[in-house]
Amino acid sequence: MTTPGTRADAEAEDLDVEEALALVNENPGPAHRGRAGHGTPAPHRPADSHHRATPWPEARATAERAARAAARAARRTPVPVPLDAALGLTLAAPLTALTDLPSFDTSAMDGWALAGPGPWALRDEGVLAGHAEPAPLTDGEAVRIATGARIPPDTTAVLRSEHGRTDARGRLHPTREVVHGQDIRPRGQECRSGDQLLPVGTLVTPAVLGLAAAAGYDTLTAVPRPRVDVLVLGDELLAQGLPHDGLIRDALGPMLPPWLRALGAEVRAVHRIGDDAKALHRAVTSSDADLIVTTGGTAAGPVDHVHPILRRIGAELLVDGVQARPGHPMLLARLTDDQHLVGLPGNPLAAVSGLLTLAEPLLRTLAARPAPEPYTLPLRDAVHGHPNDTRLVPVVLRDEGAVPLHYNGPAMLRGIAAADALAVVPPGGARPGQEAELLDLPWAAGGIGVCFT
């Protein structure tokens, strides 16, 4: 099937992560931001053109291609980021050692630094970490030394505390054989200044932060986070208190920003707009975010304003409905060459489905994060399927495989709150023991011990 928006998508189709990073390293230029009423509109297909729902795998691929085209158009410049703010970003420059590691010979253990054969006369003052270089040792001399302390010149080995004893005269004797150079970390053992430690495209993890600090970095050159604005639609939504008089609590306003941050985004603002077409038009046309996420209003009801607004501003619908349950009325629109809008359904679990179907691949690609390796697990129980659409079902991961959770209706969050992942169930459903693709949740780490089966 040919997907709408093939012109820009085809230009970016063969780009991989490395090439996307190369694009952000190019000299930035002014991005074309044509919009109806705001300059010359891009020659996009009108939002009210004939369409039909996109198959679920194709919708995800379309979102990824759209992000590659946007990265190409935006020419975003890599930014220096302090270490304490770099977690989850992608390196836009290699991590190269700024010094030898270790930068001097150090003791790998608490014990004694030795010179020559024993037994050894003990020096009075010991050697501690963080102090200046100690005086050299002479043959037959030893000195107490702490882990990480500088090795005195002319040291031949370090004897661990548990492998030595002193006699009545205060002389040190080994209790096992001493090997030349033992328990000494020589300068440059891990790397030499100028060595490449990690390549461009590496995801910054806590371990990467530790390595960068050890190698002398205060900041890292990284791909900037995609900027996201969230627009919460619906007059029936309450920001606090108990539901009453036909009003319900807004679940998406509190849920989406941290979820988007976990996907690598910088969430700049969350605006509650209600069912106000003018306010929605104003919010969309005034935003300079890389991605606008709306909640609700994607169907064809009397107060569903997303489609009319997209038509009015000349947006291009790349995905208008997905063959997925829940979340069928989700959409992806290109507003300008480097700006997109993801319209999520208003039901909470349907919104999660749209988030992982369209927003996740788009944000991941804009952030130059590596795609997760696909994997499958057998389903412990049968899962009822839709005749034509893919189903996304919350599951917990157990020894017996993926266990489907109850409370998985479009408006329910009880199942996803306990889930480790979403199982991708093909049209027609799945039988017990059938392998199913899994979409990990960004914070899941083996479950939280609650199972609503």
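Side-chain atoms are counted along with the backbone in the values below, which use heavy atoms only and exclude waters and symmetry mates.
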Donor-acceptor contact present, side-chain D183 to main-chain A108, <3.5 Å: no

Distance, nearest 0.5 Å, that separates CD1 of I416 from CG of L349: 6.0 Å

Donor-acceptor contact present, side-chain H307 to main-chain T298, <3.5 Å: yes

Side chains of V79 and L89 in contact at under 4.5 Å (non-hydrogen atoms): no

salt_bridge(E64, R60) N-O dist < 4.0 Å: no

Any donor-acceptor N/O pair, R391 side chain to H384 backbone, under 3.5 Å: yes

Atom pair OG1/CG of T336 and L341 - distance to nearest 0.5 Å: 11.5 Å

Check: R325 side chain, N388 main-chain N or O, donor-acceptor pair, under 3.5 Å: no

V303 side chain reached by H305 side chain, heavy atoms, under 4.5 Å: yes

Set of residues satisfying side chain to side chain donor-acceptor pair (under 3.5 Å) with respect to T376, sequence neighbours excluded: E435

Any donor-acceptor pair under 3.5 Å from D195 side chain to R192 backbone: yes

Close side-chain approach of V228 to L363, heavy-atom, < 4.5 Å: yes

Check: L87 and P206 side chains under 4.5 Å, non-hydrogen atoms: yes

Side-chain donor/acceptor of T90 to backbone N/O of A367, under 3.5 Å: yes

D290/R227 salt bridge by N-O under 4.0 Å criterion: yes

With W259 via ring pair (Phe, Tyr, Trp, His ring centres under 6.0 Å) - residues at least two apart: W443

CZ-CG distance between R364 and L203, expressed to the nearest 0.5 angstrom: 12.0 Å

Side-chain donor/acceptor of Q339 to backbone N/O of S287, under 3.5 Å: yes

Value rounded to 0.5 Å, distance of CG in L220 from CG in L209: 6.5 Å

Side-chain donor/acceptor of Q434 to backbone N/O of R431, under 3.5 Å: yes

Heavy-atom side-chain contact between L211 and E190 under 4.5 Å: yes

Main-chain N/O of L397 paired to D420 side chain as donor or acceptor, under 3.5 Å: yes

Side-chain donor/acceptor of D110 to backbone N/O of T147, under 3.5 Å: yes

Any Q189 side-chain heavy atom under 4.5 Å of T106 side chain: no

Salt-bridge contact E266-R225 (side-chain N to carboxylate O under 4.0 Å): no

Rounded distance (nearest 0.5 Å) linking atom CG of L358 with atom CG of L344: 8.0 Å

I151 vs S107 side-chain heavy atoms within contact, under 4.5 Å: yes

From CG (N408) to OG (S353), nearest 0.5 Å: 12.0 Å

Residue pair D250 / L252, side-chain heavy-atom distance below 4.5 Å: yes

